[in-house]
Every structure is written in structure tokens, then in C-alpha cells.
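Notes for the one structure printed next.
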Amino acid sequence: MLDRKYVVENAEAVKSNCLQRGASADIDRIVALELQRRAKLAEAEEWNRQANAVSAQIGKVPAQEREEFKEKGRLLRAHKEQSQKDHDALDREIDSLLSRVPNMTHPSAPIGNDDHANLEIARGTTPIPTFDFKPKDHLELGAIHDMIDFEAGARVAGAGFYFLKRDAVLLDLALQQFSLSLLIRKGFVPITTPDVASTDILHGIGFIPRGPETQIYSIENTELNLVATAEITLGGMYHNQVLEAEELPLKLVGISHCFRTEAGAAGRASRGLYRVHQFTKVEMFAFTTPDQSSSVHEEIRAIECEIFDALEIPYRVVDTATGDLGGPAYRKYDLEAWMPGRGNGGEWGEVTSTSNCTDYQARRLNIRYRVKGEKGTHYAHTLNGTAVAISRALIALMENHQLADGSIKIPKVLVPWVGKDRIG
RNA sequence: GGAUGGGUGGCAGAGCGGUUUAAUGCACCGGUCUUGAAAACCGGAGUAGUCGUAAGGCUACCGGGGGUUCGAAUCCCUCCCCAUCCGCCA
């Protein structure tokens, strides 16, 4: 959420930002309502002040005059209640309008309506493989080695769920172990998080759990929801907390299951593991001061590259265009891995994403930091980035490392965890 | 899940309907004293919103929400959390 004061004072900049991001938001109305709200607040406070003054006198006033003062107090409180009610109504309306206004945008982010405007800015060290045979997709490879069981997943939980079996399980755990230990070496604090979170935490991060197009599974008769990413729980971890500036940047690496309804995604290219309702993800998260966030964002991006280079998977890095940033991101980089089994002869498919959300999430979550010796507090900046999303990493890994006989080469860095250098 | 006791400023801890602008102690910052330090003494200090060029006002905040009252940290309801005990259980 943006700062109201900022919106009032920079209405034109906010408007043009909304335009670039394809967000329809009535900024003029927000500004007008906010000005009304402030006036109502001043009014309510003034009634309250007068009422307080009357109440303070009652104890000292002679008994026969008390009734008169009480009546005066009642009247003032009634005025205060009315002003307060008006104020609260304005406040709620502003809040609901403001929650649909996206974050401001990094000046270097490419401008455009959707992912076609995304800008490729780098490639990984592993070249796109050339096969002297017809490469199989991960579904065929999975079937050969009995690694993924979609039919059983459907029987148990419906389409979009699956069982990992045999070597896929070893790969799953190997990817987690490898990425986690790499991040621990880089100073990230390892964390396993709840797989559910309350609705207000989801709102704070920028998810809308109960809308018609929600991506979120909610638990009936509770305020709990299955998390779509550990970003939700890691960000929520410090809800309403004040951090010390000297402990920033605070870098976390969390492991969680991720649940997504994928409502409205039917029909999109989604064979196999690419778009599923549940997967496991190793996620980076950072709390920083405002002047640290850009460099930490670059650091997270570099770590994502390091991981996929180490996995010997070809990828490109994309600077996400304004129209494709979503609500909270100020800037976003995606890693798109080469997936030989996608489309006709291979396609890029998103495997990681890292966002600098500046203070957009921290404002609603009320996560602040304090500088020693200075008065007051400031909102922290939050960043998130995928280390490894297991399902998509598996696709890229299996399809890129396949050999003519259908066997799959295990990248060197995973061999210690898998216990062998080849599947099949 | 049941029973009981609790949630007050950075921490400890009083207050249980109106001089509370939340006592007091510790920790913290500044000052006096001292060659320096300690001790002692004096003073200061929370968060947020809002008004004001400023100095400085004002309002809210004693786990969250609601209620009673002219007035609530204090009384009532409700939810959450913590502690201890019991039950159950990976």
C-alpha cells in the first residue's frame, strides 16, 4: 500500500504510474476523500478535546452542578461520535481504493502492457542444449523412470496434484539441501514456516484471498489460508515489529509448501508439473533499509543465477515490464529456464522471480525499523526471491540433462545429495 | 479439549472509576561534581496521527475488538496470546 500523504502530494506521478501498470484507480477521488477524512479527524478530535475538558471538571464541581455538566459532556460526546463515524467511513473507503493502487515503479523498468514487453538482460553460463535425438518432455522421462504419478494425484486430490516417487524424491530433497546450504553460507537464516497464514497477513503481502479470481485456498470457517509462497509467512513473521537498523539487512531463507488454485488458468500451456496446485519452494526474503534494497535485490538475482548455473540449466534473466509487475513490486527480475519439452522444440519457462517491494508490503504489515540515537521509526523495505521452486526446477533439470537412452544426468552439485550421477 | 492465573512504557513492576500529564526501580541519553572513571545529585527521554513557518499545541495508544459511564489501564462482554496443571497426541 502506498502512503496516503505521498499520494496526496504526488497525485500526478501516481496517476501516470497506474496508467503504465495497467491499473485503473481513481486517484483524484482518493485525494479528495483523504482531504475530507483529515478534516473530519480534526473535527472529531476537537469535540473530544472539549468533552475531555468537561469530564475533568466534574469531579471538582459542587454536587448540584454535576447534572448540568454531565449533560454538556453527553452532548459533546455525541458530536464526537458522529464525526468519528463519518471519519471511519471515509477511512474504510480510502483503504479499499488504495489497496488497488500498485506500488511505484523503478525508473529503469521496461514500460509495456504485459510480458511481451519484458526485457532480456542476461543469459546463464550453460548453453541451450542441442540434441542429436528427439528430446522427451518431463512427462515421458518421468514415466520411464516411474518418478511422477499424476493419475494417483488426481485420484487422491484431483487434477493438478501429483506424487513424486523414487529418484524424483531424491532430486526434490537434493534441490532443497543444495540451495539451502548455499544460502546459509551467504548469511541467510534458514527457516521452515507454517503452510497456512491468516487473511490479514495475506492482505499485507498483497494477496486477496476471498475474491472470485483468487489464487488462494481458504480454510472454511476460519481466517486461515494455505500459503501460495513462503513470502507470505516470512514477510508476516515481523508483522507489527520494529527492527533495529543495525540488524538490517535481515536475510531469511524459508522452505514451505505452496498451494495455488490456478483459477482461470485452464487451457493455458500447463502440461505436467508446470502449473500445479501444490509444490515445494525454497524462498529468499529480506528486510532492509531503503538505501539497501536495490543492492540486496541485485544480490538475490545474482544468487538465483548462481543456483541455476550450478544446476547447469540454461536460462535468461528478464527485467519485468510495468504491466506485468503485479501490485507490490517496485522492480522484478525473472529467471526463465530453457525447457526443451515445452512447445515445439523448447520454450523459456519461468523458474524464479525476485521482487523489490520497497515499503509497499511493510506499510500494511507495519514492519518498521529504528535507527539508534534517532527519534521515530521508518518502514522497512521487503524483498523476495525464489531460490528453487521444486516442480519447475525438476522440469528444467530432467529435460535439459536427458541423454539419448532416456537416462538423466545429475548435475555435479546435486550428486552428493542424490547419491549417484545418473538416473536410469 | 478442560481448569486456574495472567497480559501495563526497552525491561521489571505499581495502579483496579476522576490531581495518572501511567508511580517506582533498572537500563538509556545529557549535565553537575572529578585529573579521569565510579558513586551521588539534577534533568531528559515512547509510538502514531494532526495543526503550526517555528516555538509548541492537540488527539489516540495499558494484548485486539465491542459495551457501560460525563469520565475506563481500572467495570462488563468477546476474541487472541502467555504460564501452570490435567487429558489427548505426532
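All heavy atoms count here, side chains included; hydrogens, waters and symmetry mates do not.
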For this session: May I have the distance from A:R368 (atom CZ) to B:G49 (atom P), rounded to whole angstrom?
Result: 9 Å
For this session: Can you tell me, in whole Å, how much space there is between the C1' of B:G9 and that of B:U47?
Result: 10 Å
Taking only nitrogen or oxygen atoms into account, show me every contact under 3.5 Å that the protein makes with nucleotides 65-73 of chain B, one pair per line with its distance.
{"from": "B:C70", "atom 1": "OP1", "to": "A:R74", "atom 2": "NH1", "distance (Å)": "2.1"}
{"from": "B:C70", "atom 1": "O4'", "to": "A:K70", "atom 2": "O", "distance (Å)": "3.3"}
{"from": "B:C70", "atom 1": "O2'", "to": "A:S55", "atom 2": "OG", "distance (Å)": "3.0"}
{"from": "B:G71", "atom 1": "O4'", "to": "A:S55", "atom 2": "OG", "distance (Å)": "3.1"}

For this session: Check whether any side-chain nitrogen or oxygen of A:K5 sits under 4.0 Å from OP1 or OP2 of B:G49, and answer yes or no.
Result: no
Exercise. Looking only at heavy atoms, which two atoms of A:R342 and A:E399 are closest? And how far apart?
Worked result: N-OE1, 4.1 Å
Exercise. Just checking A:K40: base, sugar-phosphate only, or nothing, at a heavy-atom cut-off of under 4.0 Å?
Worked result: nothing
For this session: Classify the nucleic acid contact of A:R38 as base, sugar-phosphate or nothing, counting any heavy atom under 4.0 Å across all strands shown.
Result: sugar-phosphate
For this session: Please name the residue in the list A:R100, A:H203, A:R364 that meets the side chain to side chain contact (heavy atoms under 4.5 Å, CB included) test with A:M1.
Result: A:R364
Exercise. Distance between the C1' atoms of B:G13 and B:G87, in whole angstroms?
Worked result: 35 Å
Problem set entry | Aromatic A:F279 / basic A:R392 pairing, under 6.0 angstrom, 45° off normal | no
Problem set entry | Ion pair check, A:D91 and A:K40, cut-off under 4.0 Å | no
Seminar exercise, completed: Sequence neighbours excluded, the answer for side-chain contact (heavy atoms from CB on, under 4.5 Å) partners of A:Q57 is A:F69
For this session: Indicate whether OP1 or OP2 belonging to B:G49 is found under 4.0 Å from a side-chain N or O atom of A:R4.
Result: no
Seminar exercise, completed: When rounded to whole Å, the CD to C1' distance for the pair A:Q241 and B:C81 reads 13 Å
Exercise. Rounded to whole angstrom units, what separation is found between the CD atom of A:E9 and the P atom of B:U50?
Worked result: 10 Å
For this session: Give the rounded distance in Å between these two atoms: CG of A:L90 and C1' of B:G49.
Result: 16 Å
For this session: Rounded off to whole Å, could you give me the CG-to-P distance for the A:N48 and B:C51 pair?
Result: 17 Å
Exercise. Between B:A60 atom C1' and A:R49 atom CZ, what is the distance in whole Å?
Worked result: 15 Å
